[in-house]
Amino acid sequence: MTEELAAGVPRPVTRPRRLRTTAGLRSLVAETTLAPQQLVLPVFVREGATEPREISSMPGVVQHSRSSLLAAAHEAAELGLGGIMLFGIPEHKDAVGSGALDPAGILNRAITDVVGEVGDALTVMSDLCLDEFTDHGHCGVLTPDGRVDNDRTLEVYAEMALAHADAGVDMVGPSGMMDGQVAAIRTALDDAGHVDVAILAYSAKYSSAFFGPFREAVDSSLEGDRRTYQQDPANAREGVREALLDVAEGADLVMVKPALGYLDVVRRVRDAVDVPVAAYNVSGEYSMLEAAAARGWIDRERAILEMLTSIRRAGADVVLTYWAAEAARLLAR
Ligand code: PBG
């Protein structure tokens, strides 16, 4: 069987290819798993909408009406997803984001709707941030000279956390990158008796161009950027510092966001903390793959699963992704 090789070419002694011979073997030795319960579906719900509305920069993702949101939540539960992350788009915005605190505001209503329908089957999470509710589009309230006022914003986040908790949420996701936000929210929740409401902290959130399509998704009013509060893409060590601070402040899970360009940060955070780590596969990551697939430049389904597996391999226990439902369907085949 073994003919001589050309002179001087030794036969390999060790053959890693042996474990790649069949699909069964490959699956037996796979180091990373991807399963529906590790995935969280981010969804948008628009106040006053009677029909779902398409988001042109995110083909396949919509701004839900309250009723289409419930259908999506049911589907997510049936597919066995780990959770659903709710974003609200209010009809009216103002300088302080009042719509975020109003119990009748769209996000608070949506929380109650979804918890009432699928609360037993699905972890219901809410984005805790002001940017969808402010007319200037920043994640906090502004000082008279137009800077984002960290500590005043904490007061509003504390109230927003209570509104979400009163609406029935399981887990709040503070995403504004204000210093001390996790401690402020934890204290407010505990003082009000909401000791079981968990906090998924957007700990290492970078000032990223990959949030671009999301800005259309939530009709953002932002002019300028968030560089004075979101992190510089150049910094990984600082991302670990942010995660450690959030754990010390009481975060139940910490998150790195975006995911793809920051897999090193995901790994470093995973190695540094002892709580579950999430990563957010953001809008721009979604849109660039969808755009390439629409042109026939990439095998869409394989690329989706490869991307999500890579995020898990880097160390994410939980992945937020707009493909959560689709990935669950692909995994079931
Ligand atoms: C802030 C928030 C943003 C995203 C999630 N929460 C936008 C931002 O910080 O500018 C981005 C999500 C995505 O791009 O998919 N509420």
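Checked against side chain to side chain donor-acceptor pair (under 3.5 Å), Tyr286 has no partners two or more places apart in sequence or in another chain. Residues that satisfy the ring pair (Phe, Tyr, Trp, His ring centres under 6.0 Å) test with Tyr229, not counting sequence neighbours, are His138. Applying the salt bridge (Lys or Arg N to Asp or Glu O under 4.0 Å) rule to Arg312 yields no partners; only residues at least two apart in sequence or on another chain are considered. Arg268 meets the side chain to side chain contact (heavy atoms under 4.5 Å, CB included) test with Ala236, Arg237, Val240; sequence neighbours excluded. Partners of Tyr206 by side chain to side chain donor-acceptor pair (under 3.5 Å), not counting sequence neighbours: none found. With sequence neighbours excluded, the residues forming a side chain to side chain donor-acceptor pair (under 3.5 Å) with His74 are Glu117, listed by chain and number.
Remark: Glu54 CD is loosely packed, at most 12 non-hydrogen atoms of other residues, nucleotides or ligands lying under 6.0 Å away. Counting non-hydrogen atoms of other residues, nucleotides and ligands closer than 6.0 Å to CG of Asp271 gives a total above 12. More than 12 heavy atoms of other residues, nucleotides or ligands lie within 6.0 Å of CD in Gln37, so this atom counts as buried by the packing criterion. Counting non-hydrogen atoms of other residues, nucleotides and ligands closer than 6.0 Å to CZ of Arg53 gives a total of 12 or fewer.
Annotation: side chain of Asp219 is in contact with side chain of Arg46 (closest heavy-atom distance under 4.5 Å). Within the 4.5 Å cutoff, the side chain of His136 has no heavy atoms near those of the Leu222 side chain. Side-chain contact between Asp170 and Val197 is absent, with no heavy-atom pair separated by less than 4.5 Å. Residues His64 and Val43 are in side-chain contact: their nearest non-hydrogen atoms beyond the backbone lie under 4.5 Å apart. The shortest side-chain heavy-atom distance between Glu51 and Ser65 does not fall under the 4.5 Å cut-off. Between Met307 and Arg302, the closest side-chain pair of non-hydrogen atoms is not below 4.5 Å. When side chains are defined from C-beta on, Met177 does not count as touching Cys139, because their heavy atoms never get closer than 4.5 Å. Asn108 places a side-chain heavy atom less than 4.5 Å from the side chain of His164.
With Tyr280 as the aromatic partner, Lys205 does not meet the cation-pi criteria of under 6.0 angstrom to the ring centre and within 45 degrees of the ring axis. Figure legend: cation-pi geometry between Lys257 and Phe210 absent, as NZ or CZ is not positioned both under 6.0 Å from the six-membered ring centre and within 45° of its axis.
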In sequence, state the C-alpha distance, the side-chain angles, and the governing distance for Val277 and Val318, and then conclude on side-chain contact (heavy atoms from CB on, under 4.5 Å). CA-CA 6 Å; Val277 173; Val318 173; over 6 Å; no
Can you check side chain to side chain donor-acceptor pair (under 3.5 Å) on Ser208 and Gln230, steps first, answer last? CA-CA 8 Å; Ser208 174; Gln230 296 182 343; over 6 Å; no
Take Glu326 and Arg300 through the test salt bridge (Lys or Arg N to Asp or Glu O under 4.0 Å) and record every step on the way to the result. CA-CA 11 Å; Glu326 173 150 20; Arg300 181 175 174 280; 2.7 Å; yes
For the pair Met178 and Leu154, evaluate side-chain contact (heavy atoms from CB on, under 4.5 Å) and give the outcome as yes or no after the intermediate values. CA-CA 7 Å; Met178 296 301 124; Leu154 297 184; 4.0 Å; yes
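Defined by atom type and a distance below 3.5 Å, a donor-acceptor pair is missing between the side-chain atoms of Gln231 and Asn235. There is no side-chain donor-acceptor pair under 3.5 Å between Asp149 and Thr153.
With Thr321 contributing its side chain and Trp323 its backbone, the two residues share a donor-acceptor pair below 3.5 Å. A donor-acceptor distance shorter than 3.5 angstrom exists from the side chain of Asp252 to the backbone of Ile199, with no hydrogens or angles considered. Of the possible donor and acceptor atoms, one in the side chain of Gln38 sits under 3.5 Å from a partner among the backbone N and O of Ala35.
When all heavy atoms are compared, the tightest approach of Ala279 to Ile311 is CB-CG2, 3.6 Å. Here the shortest heavy-atom pairing between Arg186 and Gly250 reads CD-O, 4.1 Å. Taking every heavy atom of both residues into account, Leu162 and His194 meet most closely at CD2-CD2, 4.2 Å. Heavy atoms only, all atoms of each residue included: Ile185 and Ala161 are closest at CG2-CB, 3.6 Å. Residues Ala324 and Leu81 approach most closely at O-CD2, 3.5 Å, considering heavy atoms. Listed here is the closest heavy atom pair of Leu244 and Ala272: CD2-O, 3.6 Å.
Salt bridge Asp145/Arg147: present, at least one basic N to carboxylate O contact under 4.0 Å. Between Arg333 and Glu301, at least one side-chain N (NZ, or NE/NH1/NH2) sits under 4.0 Å from a carboxylate O, which counts as a salt bridge. Contact check on Arg152 versus Glu155 returns a salt bridge, with a Lys/Arg side-chain nitrogen under 4.0 Å from an Asp/Glu carboxylate oxygen. The residues Asp113 and Arg109 are annotated as not salt-bridged, no charged nitrogen and carboxylate oxygen being separated by less than 4.0 angstrom.
For the pairing with Asp131, the salt bridge (Lys or Arg N to Asp or Glu O under 4.0 Å) check across Lys93, Arg215, Arg226 returns one residue only, Arg226.
Taking the six-membered ring where the residue is Trp, Tyr322 and Phe44 present parallel rings, their angle staying beneath 30° rather than reaching 60°.
Residue Ser126 holds its OG atom at 12.0 Å from CD1 of Ile84, rounded to the nearest 0.5 Å. Remark: Leu245 CG to Gln181 CD distance equals 11.0 Å, nearest 0.5 Å.
Under the 4.5 Å side-chain contact rule for hydrophobic residues, Val148 and Phe211 share a cluster.
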